[in-house]
Peer 1: 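First the structure, which I've put down as structure tokens, then a few questions once you've had a look.
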Amino acid sequence: MMFTNDKPIFQQMADRLCDEILAGTYKDDDRIPSVREYAVALEVNANTAVKAYELLARDNIIYNRRGMGYFVTAGAREQILQERRKAFLEKTLPEVFRQMRLLGLGLGDVSQAWEKQA
């Protein structure tokens, strides 16, 4: 995984796990990799992975079964979708619209780019 400088690594790791839940890699009540396994897979310090898992547990995306590991909380996918959609509409999209105005782009241009992407 390539990390960026725009936010802490543990948050990027948490985002990636959320991406994997959204993609269906992990479903409700599925076991996710252990902290150590995930740290090794992403080549980060185990303490960083612990912080990512603690963040996700605090947000009720995952839960810990003592002695068994971490599992995806029922309804986590929908929760992630709602939070990300809200963030996209309130933060990302206004900046996209601002850039479109500055560059003289319209919805038709975006639609064409969308069709090429798909």
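Not measured: the values here are computed from a predicted model.
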Peer 1: Is it the case that one hydrophobic cluster holds both M100 and L89, taking links as side-chain heavy atoms less than 4.5 Å apart, direct or via other members?
Peer 2: yes
Peer 1: I need the I61 CD1 to I21 CD1 distance, nearest 0.5 Å.
Peer 2: 6.5 Å
Peer 1: Filter on side chain to side chain donor-acceptor pair (under 3.5 Å), then keep only pairs touching residues 104-118, sequence neighbours left out; what's left?
Peer 2: none
Peer 1: Does atom CG of L102 have more than 12 heavy-atom neighbours, drawn from other residues, nucleotides or ligands, at distances under 6.0 Å?
Peer 2: yes
Peer 1: So I32 and E37, do their side chains get closer than 4.5 Å, heavy atoms only?
Peer 2: no
Peer 1: Any side chain to side chain donor-acceptor pair (under 3.5 Å) involving residues 54-65? Give me the pairs, sequence neighbours left out, ordered by first then second residue.
Peer 2: D29-Y63, Y63-R65
Peer 1: Restricting to pairs with a member in residues 90-101, which pass side chain to side chain donor-acceptor pair (under 3.5 Å), not counting sequence neighbours?
Peer 2: E95-R98, E95-Q99
Peer 1: Verify the cluster assignment for F3 and V35: are they in a single hydrophobic cluster under the rule of side-chain heavy atoms below 4.5 Å apart?
Peer 2: yes
Peer 1: R36: which residues meet the salt bridge (charged side-chain N to carboxylate O under 4.0 Å, His left out) condition with it, sequence neighbours left out?
Peer 2: none
Peer 1: Is the shortest heavy-atom distance from the side chain of E20 to the side chain of V72 under 4.5 Å?
Peer 2: no
Peer 1: Going from CG on L42 to CD on Q12, what distance comes out if it is rounded to the nearest 0.5 angstrom?
Peer 2: 10.5 Å
Peer 1: Taking I80 as the starting point, is it possible to reach I62 by hopping between hydrophobic residues whose side chains are less than 4.5 Å apart?
Peer 2: yes
Peer 1: What pairs of donor and acceptor atoms, side-chain ones from residues 43-52 against any protein atom, are under 3.5 angstrom apart with sequence neighbours left out?
Peer 2:
residue, atom, partner, partner atom, Å
N45, OD1, N47, N, 2.6
N45, OD1, N47, ND2, 3.4

Peer 1: To the closest 0.5 Å, what do you measure between CG (L56) and CG (L17)?
Peer 2: 6.0 Å
Peer 1: Using the rule that Ile, Leu, Val, Met, Phe, Trp and Tyr join whenever any side-chain heavy atoms are under 4.5 Å apart, tell me whether L22 and Y70 fall into a single cluster.
Peer 2: yes
Peer 1: Once you round to the nearest 0.5 Å, how far does CG of N5 lie from NZ of K7?
Peer 2: 13.0 Å
Peer 1: So do P33 and Y53 actually touch side chain to side chain, heavy atoms under 4.5 Å?
Peer 2: yes
Peer 1: Any side-chain heavy atom of L105 within less than 4.5 Å of one from V110?
Peer 2: no
Peer 1: Any chance you could measure I9, atom CD1, to D15, atom CG, to the nearest 0.5 Å?
Peer 2: 12.5 Å
Peer 1: Output every pair passing side chain to side chain donor-acceptor pair (under 3.5 Å) with a member in residues 72-83, not counting sequence neighbours, ordered by first then second residue.
Peer 2: Q79-E83
